[in-house]
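One structure is given below, encoded as structure tokens.
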Protein chains: 2
Amino acid sequence: MEDGTSKSPGYCGDTADLYDVLQWDTRQDCEVRQILDRIADKWSLLVIALLDQQSLRFTELRRRIDGISQRMLARTLRHLERDGLVSRTVHPSVPPRVDYELTPLGATLHHTIRALVTWTEEHQREIAYARSAYDARVAAEQEAMEREAAQRDAIAREVLAAGAARVTRTSADSRPR
Amino acid sequence: MEDGTSKSPGYCGDTADLYDVLQWDTRQDCEVRQILDRIADKWSLLVIALLDQQSLRFTELRRRIDGISQRMLARTLRHLERDGLVSRTVHPSVPPRVDYELTPLGATLHHTIRALVTWTEEHQREIAYARSAYDARVAAEQEAMEREAAQRDAIAREVLAAGAARVTRTSADSRPR
DNA sequence: CGGAATCCGCCACGATACTG
DNA sequence: CAGTATCGTGGCGGATTCCG
């Protein structure tokens, strides 16, 4: 089975059905986070998006996503199937044909994901701008640091040179004694 | 700088501003996916959720999240700051005090994230059920496989025993010759 | 064609120690 | 308190091979 969900020992239990939504912060390191990590996965997102439009077979998905390895596609599909988000249909024919499609549950997820993606698309430019601004700031700071270091270095060298000269003189003075 | 966004060579460029939203599937392996991977991150989600309620300082976040390493918290915060989602305010005092709070941009994200988390919470049980059903199916299949294998094994042993007996007889018959 | 299994590089993450 | 720097490691993900 390679690596499954690995029912972590940190399973916090669903004893509290009606927990305060305003406090999903601390205790949510149980199942919710895990599910989120799975569906927010890079490939899962793509697969769900593609399957919303129509059912597809393995190779079609592989071609469309282009960049995914067969291993990751198989893994992703099995995960989604396990979570009940996509359904797998095997047509007994030669060559074998397997179709994947979104379950009703998966379809509801799609809307939410779409919202997230839409947000990202809408604010893409703002984020890019913020990033460049941040990077510029950091670069400026680093440059300032380097200039300062260079200055310190220069001063240190000067002092050392003067000290060496003084030492030479001093030793010359003390030698006769 | 350790490891940053690592502007991947796969940067597809934002040349197409008005791309068909219905086809964000294939070409989205550019910036959108990267942004999504960042904000849909396990820790980022938590930090954003926590900061929506009020501004917090480093250690407060650390305590509340509980399970995050100082390294990941620092990384996450710097990422979010770079993306312009949270703002960092340093109060020059002893001991030093740093406050983090959501920017307006980050506040807009919070609603979307909340929607995603809400979806997860709402369908948590369905997913858990689907998983157990899937696991049960797989376990049953594997058990069937093993039973079949055991049967094959028994049959094979029987045949081998019979064959050995025949061989013994045959060799006994052929010895006198 | 649709996978499963194996090998392996690499880096993301965690734990620790040190700085200011 | 609020980080940065360093090291060790687990597992993610890619390439390859084989099976039904």
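- In this structure, Trp43(A) places its CH2 atom 6 Å from P of dG14(D), rounding to the nearest Å.
- Put simply, Arg75(B) has no side-chain N or O that comes within less than 4.0 Å of OP1 or OP2 on dA12(C).
- Comparing dG3(D), dC13(C), dG3(C) against the side chain of Tyr100(B) picks out dG3(D) as the nearest.
- Across the protein-nucleic acid pair, Arg97(B) atom CZ and dC1(D) atom P stand 11 Å apart, rounded to whole Å.
- In this structure, Arg62(B) atom CZ and dG3(D) atom C1' are separated by 11 Å, rounded to whole Å.
- Nearest nucleotide to the side chain of Val98(B), out of dA2(D), dA4(C), dG14(D): dA2(D).
- Look at CG on Asp41(A): it is 14 Å from C1' on dG11(D), rounded to the nearest Å.
- A salt bridge is defined here as a Lys NZ or Arg NE, NH1 or NH2 lying under 4.0 Å from an Asp or Glu carboxylate O, and Arg97(A) with Asp99(A) meets this definition.
- For the pair Asp41(A) and Asp37(B), the minimum side-chain heavy-atom distance is 4.5 Å or more.
- The listed nucleotides are dC1(D), dG14(C), dA17(C); the one nearest the side chain of Met72(B) is dG14(C).
- Put simply, the side chain of Leu56(A) does not reach to within 4.5 Å of the side chain of Tyr100(A), judged on heavy atoms.
- If you measure from atom CG of Asp99(A) to atom C1' of dC1(C), you get 12 Å, rounded to the nearest angstrom.
- At whole-Å resolution of the value, CZ in Arg78(B) and C1' in dA5(D) are 12 Å apart.
- Annotation: side chain of Leu51(A) is not in contact with side chain of Leu80(A) (no heavy-atom distance under 4.5 Å).
- Applying the 4.0 Å criterion to OP1 and OP2 of dA2(D), one finds that Arg57(B) has a side-chain N or O inside that range.
- Of the candidates dA2(D), dC1(C), dA4(C), dA2(D) carries the atom nearest the Arg88(B) side chain, counting heavy atoms from C-beta on.
- Ranking dG20(C), dG3(C), dG14(C) by closeness to the Pro96(B) side chain, first place goes to dG20(C).
- Straight-line distance from the CD atom of Gln70(B) to the C1' atom of dA15(C): 8 Å, rounded to whole Å.
- As a whole-Å value, the separation of Arg38(A) CZ from dG13(D) C1' is 15 Å.
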